[in-house]
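See structure below.
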Amino acid sequence: MMPIIKLVVERACRRGLPPLRRHQAPRRAEVTRNEEIVREAYRLAEGNVLDGPGFRALFTEDGTFNDLPNAITLRGDEIAQGLVGLAGVFPDIHRELLAVHVLGDVVAVELRIQGTHLGAFPTPVGDIPPTGNRIDVPTADLWYLREGKVETFNCYNAANVLLAQIGATPDFTSAIEAAKTAATRA
């Protein structure tokens with residue numbers, strides 16, 4: 001088994017998901033329904049639709065939306081607020097779905113998040129003002145469903161690409177100086 005595939009299977013097993021076996025094909029109705037739910041989530045998140053409460057309603061009561069590159073977990077009403085917040089920065093936000101793979105209760109999606117930077121982008125040190133720049137961010141999403149609802153949504157977006165596209169390049173000089181200062185204190 002390839003190392004990355006092995007890690008995915010091991011992680012699924014730790015989460016309590018049954019390992020996939022060649023002879024265990026998911027029921028077609030289940031595959032179709034899970035894909036429909038995920039595609040509806042993307043539709044509700046489009047800038048020209050933007051239905052935060054509808055998006056939230058697709059989740060289980062204890063469901064989570066994890067923006068993994070940014071170490072953010074949203075629960076409950078925060079899920080809808082996160083959706084609206086991103087659309088406030090990129091009002092024409094669109095997700096171009098490149099590939100959708102359904103593996104029972106897991107839906108894996110390769111996509112690109114696209115939009116125009118027309119709103120203030122919040123950071124820990126202040127807002128980045130709108131630049132009018134277009135973003136086209138490679139992303140992979142994993143959706144874990146339970147009984148027709150989203151239990152966990154893990155979004156792996158290339159945050160570094162998004163930041164570069166809006167002109168927020170890393171400040172390597174400050175990082176090097178901070179590391180030197182920390183090293184002299186040690």
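Values below: all heavy atoms of this structure, side chains included; hydrogens, waters and symmetry mates excluded.
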Closest non-hydrogen atom pair between Val161 and Pro138, with its separation | CG1-CD, 4.0 Å
Shortest non-hydrogen separation from Thr184 to Thr181 and the atoms involved | OG1-O, 2.8 Å
Once you round to the nearest 0.5 Å, how far does CZ of Phe59 lie from OG1 of Thr64?
-> 7.5 Å
Could you walk me through whether Asn34 and Ile37 pass side chain to side chain contact (heavy atoms under 4.5 Å, CB included), step by step?
-> CA-CA 5 Å; Asn34 287 340; Ile37 292 165; 4.3 Å; yes
His117 vs Phe90 aromatic rings, parallel, tilted or perpendicular, using cut-offs 30° and 60°?
-> tilted
If you round to the nearest 0.5 Å, how far is OG1 of Thr139 from CG of Leu162?
-> 8.5 Å
Going through the checks in order, is the side chain to side chain contact (heavy atoms under 4.5 Å, CB included) test met by Asp105 and Arg146?
-> CA-CA 7 Å; Asp105 286 334; Arg146 178 179 36 140; 5.9 Å; no
Shortest non-hydrogen contact from Gly167 to Asn133?
-> N-ND2, 4.2 Å
Could you grab the distance from atom CG of Asp141 to atom CD1 of Ile113, nearest 0.5 Å is fine?
-> 6.5 Å
Heavy atoms only: give me the nearest Gly63-Ile79 pair and the separation to one decimal.
-> O-CD1, 3.8 Å
What do you reckon, is CG of Asp77 surrounded by more than 12 foreign heavy atoms closer than 6.0 Å?
-> no
Does Leu118 belong to the same Ile/Leu/Val/Met/Phe/Trp/Tyr cluster as Val137, with side-chain heavy atoms less than 4.5 Å apart forming each link?
-> no
Between Glu46 and Arg43, is there a side-chain N and carboxylate O pair less than 4.0 Å apart?
-> no
Would you call Lys149 and Asp62 a salt bridge, using N to O less than 4.0 angstrom?
-> no
Considering non-hydrogen atoms only, spot the tightest contact between Gln165 and Arg134 and give its length.
-> CB-O, 3.9 Å
Considering non-hydrogen atoms only, spot the tightest contact between Cys155 and Pro69 and give its length.
-> O-CD, 3.3 Å
Under the side chain to side chain contact (heavy atoms under 4.5 Å, CB included) rule, what do Asn70 and Asn157 come out as? Steps first, then yes or no, please.
-> CA-CA 9 Å; Asn70 297 300; Asn157 59 74; 4.0 Å; yes
